Every structure is written in C-alpha cells, then in structure tokens.
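Here's the structure we're looking at; comments come further down.
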Amino acid sequence: MPLFKVSEAFSRQLANKKEAFPNVQYVKKQTGEILPIINGQIVVDEFIPGIDGRVLSEPWYNHNSPSAVRDFKCWYTNLVELPFLTYHRPTPNELLNIAFRLGPLPTHPSATFPKLPPYGHLPLVGAANTTDEFLRCEATPVSYRLDVVNQEIKADTYAIPRSEELFIPTGLSVVGRYALPCYFPAVFKYLIQPTRRLNIDCGACVPQFGQAGGGVEVRVPRTTKAVKISKMPPLPVL
C-alpha cells in the first residue's frame, strides 16, 4: 500500500470536512477508487499491492525526537503527490468494502444479519464543562484539525476523555481501542480543555475493521475557540 501526499490547499480544505473516524477521512480518485487519507495528509492507496512499513523507521516517528515536525515535513516533501482528489463521505456499503480490503470484519452481534456494515457510532449528545479534559492522538506531528497557535478545534473532530488515558499507553493501542481503519500508530498527543460549556457527541467505540474497540470517544460538532489546546509528550509506538 504505497503512500502519497496531497497539496497544502487540499489538506486545509479537508480540515473543514467531517472525519469518518479519528484521524481518518476518505477521498475519491478520478477513476472512482475510494482511499483513506490520514490526518488530511497521507493517502494510502490500497489498490496497489504491497505494504510499505518503513514509515515506522522514519525519525519523525521516534517519540524521543524533538524535531519531529521538521523531520516529518522533510519526509512528506519527498512523497509523490496524488492529484485530482475530492473529499468523499463513504456510504455504509462502501465502508464495508473498504474494511474487507484491510482485513475481515468481526461478526456483527445480530445472528440474523451477520454481514451488516459497521454500526453504532457516537449515538449520544452531551456537554463538557471547564472541569473536563480530553485527549486527541494523531498519526502525524502536523495537525490541521487542532490549531495550537490560535486555540481552535475544527468541527467534527474526534477526541478522547482523559479518563481513557490509562488504556492507551502506546500509539498502536489507540488504533486497537478506537477500532481505527488506519494502522498508523497515533503517537502525537494533545490535551484539550474547554474554556466554557462545550457541546459534544459521545459514545463507546464498537468493534470494527478487525479491531477490538471498547474505548469511549467524543466528537466536537462545531468549530470552536472555546478550548485550550496544548501538546503533550508523544506516546511510544509499541
């Protein structure tokens, strides 16, 4: 599965579009294929055979590296740009096909309909107060959804209650606990603190994409500056 980059303008465009899953959106090529894009930056072309696992050996994935952003930008510059992409919100059936390319799905809990698409995502509406804290773990050190300088979080961005922190000691544990369709370890960690009452969607993550799930997650439905955002020490990969 070769990796590709997109233009800066397209990354910024995607930052204003809904996330399908934490860290993951989908784009469509002119030829019709639907591909996942990680953090609005890295396109994974699953239609090309082979898996490029060398990304984990890159200096920017070293959680002890203080120069992660610089190293990432250098690595990213050398990727081939994939042009003529458009943002795409997959239908449940499209998600099912994408999931089968990544690996077999776990059995649906209904014995009558064992092959339904992924199900049950953030069904509850709630609110967070200034005493609440949330985490956001990303797979790259450059974020387009969290603006640390201007203290802004984009609409439809996923996060994790800080009470989940003990269950995600590594970047790969984030992938498993939140049943992500992206296998990139989410090692780059942010702390999000509301500065006033904040509306959120919330729920427990169900098993899907061959991952266990079970984690509690939230989504901020509207772009807001009513938050304090700060970078935290990155997680180890393993």
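On a predicted model such as this, the values are computed, not experimentally measured, just so you know.
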For the student: nearest non-hydrogen atoms of T77 and K5, plus distance:
O-NZ, 2.8 Å
Can a donor-acceptor pair be found, under 3.5 Å and without considering hydrogens, that links the side chain of S11 to the backbone of G40?
yes
Would you check if there is a donor-acceptor pair between the side chains of Q13 and Y144 at a distance under 3.5 Å?
no
Partners of P236 by side chain to side chain contact (heavy atoms under 4.5 Å, CB included), sequence neighbours excluded?
H63, T170
Spacing of Q193 atom CD and F134 atom CZ [to the nearest 0.5 Å]
10.5 Å
Run the side-chain contact (heavy atoms from CB on, under 4.5 Å) check on V218 and L122 step by step: do they pass?
CA-CA 7 Å; V218 303; L122 302 187; 5.9 Å; no
I would like to know whether E138 and R145 meet salt bridge (Lys or Arg N to Asp or Glu O under 4.0 Å); could you show each step before the answer?
CA-CA 10 Å; E138 299 195 349; R145 304 198 73 88; over 6 Å; no
Derivation of the side-chain contact (heavy atoms from CB on, under 4.5 Å) call for W75 and V55
CA-CA 9 Å; W75 172 84; V55 64; 3.8 Å; yes
Just how far is it from atom CH2 of W60 to atom NZ of K73, taken to the nearest 0.5 Å?
13.5 Å
If you count the non-hydrogen atoms of other residues, nucleotides and ligands that lie under 6.0 Å from CZ in R162, is the total more than 12?
yes
Donor-acceptor contact present, side-chain K189 to main-chain L135, <3.5 Å
no
Residue among I42, N23, L82, V6 satisfying side-chain contact (heavy atoms from CB on, under 4.5 Å) with I37
V6
Residue that, paired with D156, satisfies side-chain contact (heavy atoms from CB on, under 4.5 Å) out of R222, K17, K18
K18
Check: Y178/E164 side-chain N/O donor and acceptor closer than 3.5 Å
yes
Is the ring pair Y76/F72 parallel, tilted or perpendicular, if the boundaries are 30 and 60 degrees?
parallel
To the nearest 0.5 Å, what is the distance between CD1 on I160 and CD1 on I192?
9.0 Å
Which heavy atom of A128 sits nearest to which heavy atom of P194, and what is that distance?
CB-CG, 4.1 Å
When rounded to the nearest 0.5 Å, the distance separating NZ of K29 from CG of L35 is 6.0 Å
Could you go step by step and tell me if I168 and C137 meet the side-chain contact (heavy atoms from CB on, under 4.5 Å) rule?
CA-CA 10 Å; I168 48 169; C137 297; 4.1 Å; yes
Where do L235 and P169 come nearest, in terms of heavy atoms and distance?
CD2-O, 3.8 Å
Please check this pair: side chain of Q151 against backbone of V148, looking for a donor-acceptor N/O pair closer than 3.5 Å.
yes
When rounded to the nearest 0.5 angstrom, what distance separates CG in D147 from NZ in K154?
7.0 Å
Which of these, E19, R219, E217, R136, sits in a side chain to side chain donor-acceptor pair (under 3.5 Å) with Y158?
R219
Measure the CZ-CD distance between F21 and Q208 for me, rounded to the nearest 0.5 Å.
4.5 Å
Which heavy atom of A139 sits nearest to which heavy atom of I38, and what is that distance?
CB-CG2, 3.8 Å
Backbone of R70 reached by a side-chain donor or acceptor of S67 within 3.5 Å:
no
What verdict does the side-chain contact (heavy atoms from CB on, under 4.5 Å) test give for S7 and E81, after you've listed the backbone C-alpha separation in whole Å, the side-chain angles of each residue and the deciding distance to 0.1 Å?
CA-CA 7 Å; S7 68; E81 184 174 324; 3.7 Å; yes
